[in-house]
There are 2 protein chains.
Amino acid sequence: MLNNSHYIDKLRSSGLRPTKQRIKICEILFNTEKTFHFTINDLVKKISKATNDKISLATVYNTVHAFKKKGYLKEIPINSDQSYFDTNTSHHHHFYDENQKDLMDIDDADVEPVKINTRIPGKKIKSVEVLVKVEDA
Amino acid sequence: MLNNSHYIDKLRSSGLRPTKQRIKICEILFNTEKTFHFTINDLVKKISKATNDKISLATVYNTVHAFKKKGYLKEIPINSDQSYFDTNTSHHHHFYDENQKDLMDIDDADVEPVKINTRIPGKKIKSVEVLVKVEDA
DNA sequence: ATTCTACATTATAATAGTTCTAAACTGTTG
DNA sequence: CAACAGTTTAGAACTATTATAATGTAGAAT
Ligand SMILES: [Mn+2]
Ligand SMILES: [Mn+2]
Ligand SMILES: [Zn+2]
Ligand SMILES: [Zn+2]
């Protein structure tokens, strides 16, 4: 995980050229023990802290969308004026603290499987996501 | 329900002055058998079909926010480029068709109660919402 | 190694939903 | 009625996101 060659392989095998911008963003997103949630703005800040070579905003958007398309990131549906992304791509649900605007994983073991006993003809289920909004008690 | 005096009372008792703009919007939102989902743009179109006196966009936004704050509307969390509102303020979950960008209620009888077996200290649960994304089968 | 080309980055403009501003208007109260 | 707070409004401002189009580059072909 500490070696860039891992990301280079991963990118190449996804059909994405391993540019230095993409490798840097991989390091920031995936070179951590814990997964995390972020907005584009969060990521831009992390990048500027992590490097002197700046990456253009357009590239940050392009890269996040490319990674999402490849399944390396998930987008979390919260009602907000900006998109939230998640480096945790496994199946799980979320708490959203509207006071602190903080998004937190709920361990999947702590949620009973959600059963939907109806279907829409001609449509298949793509995802089932639970959002638990919390506020100060 | 066909009488405006009902809305006038409702608005007054909520501390909102019953202006003709608000009454018209009440008629459009609440004078129906079925509840429905809408975006601001949808509502603007409904208004211009329903009346010759135009209502400014700012007033539409102001009114929807005021009604949401009073609990007469819910905002549905979807990652989209626009906000979705719901005249159905009872507890229920949603299908979202990403192809047609169509939001549909799931009858609450068709969803097993969602059990969250963990809490965040100092926080209380405000809502639990399930979003089922569907796509063409 | 040089050349080629499709892919990628970039600055910047454009877009679109939403919020803000401040002036004019109106419902309610005394 | 007069007074005032609440409301509406046109338009500007704001902000997240996407599009544009010129420049740069990775990887492959020669
Ligand atoms: Mn919102
Ligand atoms: Mn937006
Ligand atoms: Zn998560
Ligand atoms: Zn609904």
Side-chain angles (χ1 to χ4, degrees), chain A residues 4-5 7-26 28 37-45 47-48 51-70 72-73 75-85 101 103, chain B residues 4-5 7-26 28 37-48 51-70 72-73 75-85 98 101 103:
Chain A
N4 284 347
S5 68
Y7 299 127
I8 293 174
D9 293 345
K10 182 175 175 172
L11 289 165
R12 247 194 221 109
S13 69
S14 308
L16 298 172
R17 288 186 183 170
T19 63
K20 66 179 196 298
Q21 291 88 345
R22 284 173 175 164
I23 294 164
K24 174 58 68 181
I25 292 173
C26 277
I28 291 166
H37 307 104
F38 65 95
T39 64
I40 295 291
N41 190 43
D42 293 336
L43 181 52
V44 166
K45 281 188 216 153
I47 292 168
S48 61
T51 181
N52 291 317
D53 323 314
K54 80 180 59 135
I55 299 179
S56 79
L57 183 61
T59 296
V60 178
Y61 274 100
N62 289 343
T63 302
V64 166
H65 288 146
F67 287 3
K68 180 189 170 192
K69 194 175 220 173
K70 295 298 178 183
Y72 304 144
L73 290 173
E75 192 169 359
I76 307 302
I78 315 177
N79 193 62
S80 171
D81 24 6
Q82 57 196 332
S83 287
Y84 279 76
F85 296 91
K101 292 190 178 283
L103 186 61
Chain B
N4 284 347
S5 67
Y7 299 126
I8 292 173
D9 293 345
K10 181 176 176 172
L11 288 166
R12 244 193 223 108
S13 69
S14 309
L16 298 171
R17 288 186 183 172
T19 63
K20 67 179 196 299
Q21 292 88 344
R22 285 173 175 164
I23 294 164
K24 175 56 68 179
I25 292 173
C26 278
I28 291 167
H37 307 105
F38 65 94
T39 64
I40 295 291
N41 190 44
D42 294 335
L43 181 53
V44 166
K45 280 189 216 152
K46 277 173 187 280
I47 291 167
S48 62
T51 181
N52 292 317
D53 323 313
K54 79 178 58 132
I55 299 179
S56 80
L57 183 59
T59 296
V60 178
Y61 273 99
N62 290 342
T63 303
V64 166
H65 288 147
F67 287 3
K68 180 189 170 191
K69 193 175 220 171
K70 295 297 178 185
Y72 304 144
L73 291 173
E75 190 170 357
I76 307 301
I78 315 177
N79 260 122
S80 169
D81 32 5
Q82 57 197 332
S83 289
Y84 279 77
F85 296 91
E98 288 193 315
K101 292 188 179 282
L103 187 61

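Hydrogens, waters and symmetry mates are skipped; everything else that's a heavy atom, side chains included, is used. Order of the sequence lines fixes the chain letters, A, B, ..., with proteins taken first and strands second; residue numbering starts at 1 for each chain.
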Among [options], which nucleotide has an atom closest to any side-chain atom of [X]?
X: Gln21(B); options: dT18(C), dT9(D), dC7(C); value: dT9(D)
X: His65(A); options: dT18(D), dT10(C), dT8(D); value: dT18(D)
X: Leu16(A); options: dA8(C), dT10(C), dT7(D); value: dA8(C)
X: Gln82(A); options: dA26(D), dT17(D), dT28(C); value: dT17(D)
X: Ser56(B); options: dA10(D), dG17(C), dT9(C); value: dA10(D)
X: Thr19(A); options: dA8(C), dA16(D), dG17(C); value: dA8(C)
X: Tyr61(B); options: dT8(D), dT26(C), dT19(C); value: dT19(C)

Write down the distance between [atom1] ([X]) and [atom2] ([N]), rounded to a whole number of angstrom.
X: Leu57(B); N: dA13(D); atom1: CG; atom2: P; result: 17 Å
X: Tyr84(A); N: dT17(D); atom1: OH; atom2: P; result: 10 Å
X: Asp9(B); N: dT28(C); atom1: CG; atom2: C1'; result: 15 Å
X: Arg17(B); N: dT7(D); atom1: CZ; atom2: C1'; result: 7 Å
X: Asp53(A); N: dA8(C); atom1: CG; atom2: C1'; result: 16 Å
X: Leu11(A); N: dT9(C); atom1: CG; atom2: C1'; result: 15 Å
X: Asn62(B); N: dA10(D); atom1: CG; atom2: P; result: 13 Å
X: Asp81(A); N: dA13(D); atom1: CG; atom2: C1'; result: 15 Å

(message) Between Arg22(A) (side chain only) and Arg17(A) (backbone N and O only), is there a donor and an acceptor less than 3.5 Å apart?
(response) yes
(message) I'd like to know if the side chain of Lys24(B) and the backbone of Thr51(B) have a donor-acceptor N/O pair within less than 3.5 Å.
(response)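 Looks like no, no N/O pair under 3.5 Å.
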For a quick test of reading the model: is some side-chain N or O of [X] closer than 4.0 Å to OP1 or OP2 of [N]?
X: Ser83(B); N: dG17(C); value: no
X: Arg22(B); N: dT7(D); value: yes
X: Arg12(B); N: dT28(C); value: yes

(message) Tell me which one of Ile47(B), Thr63(B), Thr19(B) satisfies side chain to side chain contact (heavy atoms under 4.5 Å, CB included) with Ile55(B).
(response) Ile47(B)
(request) For Lys10(B), look at atom NZ and say whether over 12 heavy atoms of other residues, nucleotides or ligands are found less than 6.0 Å away. (result)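 Counting neighbours around NZ of Lys10(B), more than 12 heavy atoms of other residues, nucleotides or ligands fall under 6.0 Å, so yes.
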(request) Measure across Asp42(B) and Thr39(B) and return the closest heavy-atom pair with its distance rounded to 0.1 Å. (result)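 Shortest heavy-atom separation between Asp42(B) and Thr39(B) comes out as OD2-N, 2.8 Å.
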(message) Tell me the closest heavy-atom pair linking Ser14(B) and Lys70(B), and the distance in Å.
(response) O-NZ, 2.9 Å
Does [X] reach a base, just sugar-phosphate, or nothing at all? Heavy atoms under 4.0 Å.
X: Asn41(A); result: nothing
X: Thr59(B); result: base
X: Lys54(B); result: sugar-phosphate

